[in-house]
Amino acid sequence: MKKFFISVILSVLMLSVLSAYNPPAEGENFLELSSPRLLSNASSSCGGPIFYSSADSINVNAALPTSEQLIKINLAYTALVSFNPTESHHFGSAMQTGIIVPTKYCVFTGFLNGVLSNFDTMNLGNSINGKLGLSKEITNNINFGITLNSGVCWGNQTDWALSTNLGLLCHFDTLGFIKDFRYGLAVNNIGKNYTATDLDFPINSNPSAEKSMFPTILTVRTGIAGLLLSTDSVKLGFSLDISTPLMQNIIIDGGIQLGIKDLFSITIADRFNLAEYSNGHIDIIPSLGISFKFSFRLDDNQLLRERGWEEINAEGSVAYKMLYEDVNALSAGVDVSLGKRDVTPPVIQIFIDEGDDE
């Protein structure tokens, strides 16, 4: 596995000289617009400062859902709003749904989203995108995942996408003073992605600049995350990711998250995109996210009770992020887990007959 990832990275280095880099603004992360978690958790390849996974997690690292024990259903919506009077469009949308289904062999993940964004400063066209993922524990500390990605884009130009993502997640109890330390590595968008030939506002809007596909093929993303403070009442975590789309740009995502009694959390995160910043698409205001957990029971539903799903655990999330001073993202979503997570390890007892000497 190590040799495989090294060979992929070397291939990226060789291919980087063959392609001009000029995707539309936010084109590298447009699939994350529909998710309040990804907007506010710094798009972490390690599951955020305080670990959390959902169906949309496979957008950044295909290995993230591996630890899920229960069926988890996701729904989310993001309103994209511009208050700039000179903007030709003032409203856009991004929405998503997904599901995680664990089995004794591996964890299956399905994700579907739609993005409608035709702003002057963030013209991503209209698209429907889907992913199917498979992840599995390789050792006690290493998880591996793979996804199949597809989609169709229309409006500025009709196009299609078909690609795959590969991901690893390594986790450790402690590393020095950091608890729940995690390291993530992903190679995303391996295949054909959307071209931007008819999109009017790529990163470099110079008419002579060649436009490139989005998201960028062979994007390597690596990151770390962990807990700086962990008690029964309070958790404080951090995450830091670096992405290198075809080795022609550097994107840095970082965030901190404060959790209280495993019921409520608040996250502040920000992103620095070197190519977008250099071309005037400046996004320096941090995102803000709030998550809260709640649960309820449906004991009267015989179908759920027969499957052990009568206990419903849910987590709601809301997030706000300003994009390029013109577009505001307001997002809300919920993850619903069916059943109760098993946190009690098995007890093994050895019985010896009274007449046995050993």
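As the structure is a computational prediction, the values presented were derived from the model and not from experiment. Below, all heavy atoms of this structure are taken into account, side chains as well, without hydrogens, waters or symmetry copies.
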Between [X] and [Y], is there a shared hydrophobic cluster once you connect ILVMFWY residues whose side-chain heavy atoms come closer than 4.5 Å?
X: Phe214; Y: Leu323; answer: yes
X: Ile71; Y: Phe111; answer: no
X: Ile266; Y: Leu236; answer: yes
X: Phe108; Y: Ile138; answer: yes

In the structure I gave you, are the side-chain heavy atoms of [X] and [Y] within less than 4.5 Å of one another anywhere?
X: Glu68; Y: Thr66; answer: no
X: Asn61; Y: Asn188; answer: no
X: Cys46; Y: Ser239; answer: no
X: Tyr52; Y: Asp335; answer: yes
X: Trp160; Y: Leu162; answer: yes
X: Pro24; Y: Asn123; answer: no
X: Tyr194; Y: Ser127; answer: yes
X: Trp154; Y: Ile128; answer: yes

side-chain hydrogen bond (donor to acceptor under 3.5 Å, both in side chains) evaluation trace for Gln257 with Ser265: CA-CA 7 Å; Gln257 184 176 14; Ser265 67; 3.1 Å; yes
Can any side-chain N or O of [X] pair as donor or acceptor with the backbone N or O of [Y] at less than 3.5 Å?
X: Ser117; Y: Met122; result: yes
X: Thr109; Y: Leu134; result: no
X: Asn22; Y: Ser212; result: no
X: Thr139; Y: Asn141; result: yes
X: Ser287; Y: Leu39; result: yes
X: Lys136; Y: Tyr105; result: yes
X: Ser57; Y: Ser54; result: yes
X: Asn249; Y: Pro245; result: no
X: Glu87; Y: Asp120; result: yes
X: Asn74; Y: Thr97; result: no

To the closest 0.5 Å, what do you measure between [atom1] ([X]) and [atom2] ([Y])?
X: Ser135; Y: Leu64; atom1: OG; atom2: CG; answer: 8.5 Å
X: Asn189; Y: Met213; atom1: CG; atom2: CE; answer: 9.5 Å
X: Leu70; Y: Ile312; atom1: CG; atom2: CD1; answer: 10.0 Å
X: Ile250; Y: Thr244; atom1: CD1; atom2: OG1; answer: 8.0 Å
X: Leu132; Y: Leu148; atom1: CG; atom2: CG; answer: 6.0 Å
X: Asp241; Y: Thr222; atom1: CG; atom2: OG1; answer: 7.0 Å

Sequence neighbours left out, what passes side-chain contact (heavy atoms from CB on, under 4.5 Å) with [X]? Give chain and number order.
X: Ser243; value: Thr219, Arg221, Ile251
X: Ser163; value: Asn149, Asn193
X: Tyr77; value: Ala79, Phe91, Ser93, Met95
X: Ser278; value: Leu274

Stepwise salt bridge (charged side-chain N to carboxylate O under 4.0 Å, His left out) check, Lys179 with Asp173: CA-CA 6 Å; Lys179 298 182 179 180; Asp173 291 336; over 6 Å; no
What is the minimum heavy-atom distance between [X] and [Y], and which atoms define it?
X: Ala63; Y: Gly145; value: CB-N, 3.7 Å
X: Val81; Y: Phe119; value: N-CZ, 4.3 Å
X: Ala25; Y: Leu124; value: O-CD2, 3.5 Å
X: Ile268; Y: Pro286; value: CG2-CB, 3.8 Å
X: Phe51; Y: Ser67; value: CE2-OG, 3.6 Å
X: Asn165; Y: Asn59; value: ND2-O, 4.2 Å

For residues 28-35, which side-chain donor-acceptor pairs fall under 3.5 Å, sequence neighbours excluded?
residue : atom : partner : partner atom : Å
Glu28   : OE1  : Thr216  : N            : 3.0
Glu28   : OE1  : Thr216  : OG1          : 3.4
Glu28   : OE2  : Tyr21   : OH           : 2.6
Glu28   : OE2  : Thr216  : OG1          : 2.5
Asn29   : ND2  : Glu32   : OE2          : 3.3
Glu32   : OE1  : Ser43   : OG           : 2.2
Glu32   : OE1  : Arg271  : NH2          : 3.2
Ser34   : OG   : Gln96   : OE1          : 2.6
Ser34   : OG   : Asn113  : ND2          : 3.3
Ser35   : OG   : Arg37   : N            : 3.3
Ser35   : OG   : Leu38   : N            : 3.1
Ser35   : OG   : Asp56   : OD2          : 2.8

Side-chain donor-acceptor contact under 3.5 Å, Asn328 with Tyr320: yes
Contacts of type salt bridge (charged side-chain N to carboxylate O under 4.0 Å, His left out), residue Lys131, not counting sequence neighbours: none
is_close_aromatic(Phe292, Phe264), centroid dist under 6.0 Å: no
Neighbour count above 12 (heavy atom, 6.0 Å) for Leu228 CG: yes
Derivation and outcome, side chain to side chain contact (heavy atoms under 4.5 Å, CB included), residues Ile252 and Asp270: CA-CA 8 Å; Ile252 301 174; Asp270 205 1; over 6 Å; no
Worked verdict on Val107 versus Val101 for side chain to side chain contact (heavy atoms under 4.5 Å, CB included): CA-CA 6 Å; Val107 176; Val101 181; over 6 Å; no
Side chain to side chain contact (heavy atoms under 4.5 Å, CB included) evaluation trace for Ile99 with Lys72: CA-CA 6 Å; Ile99 187 170; Lys72 181 182 285 188; over 6 Å; no
Trace of the side chain to side chain contact (heavy atoms under 4.5 Å, CB included) decision for Val234 with Leu258: CA-CA 7 Å; Val234 177; Leu258 176 66; 3.6 Å; yes
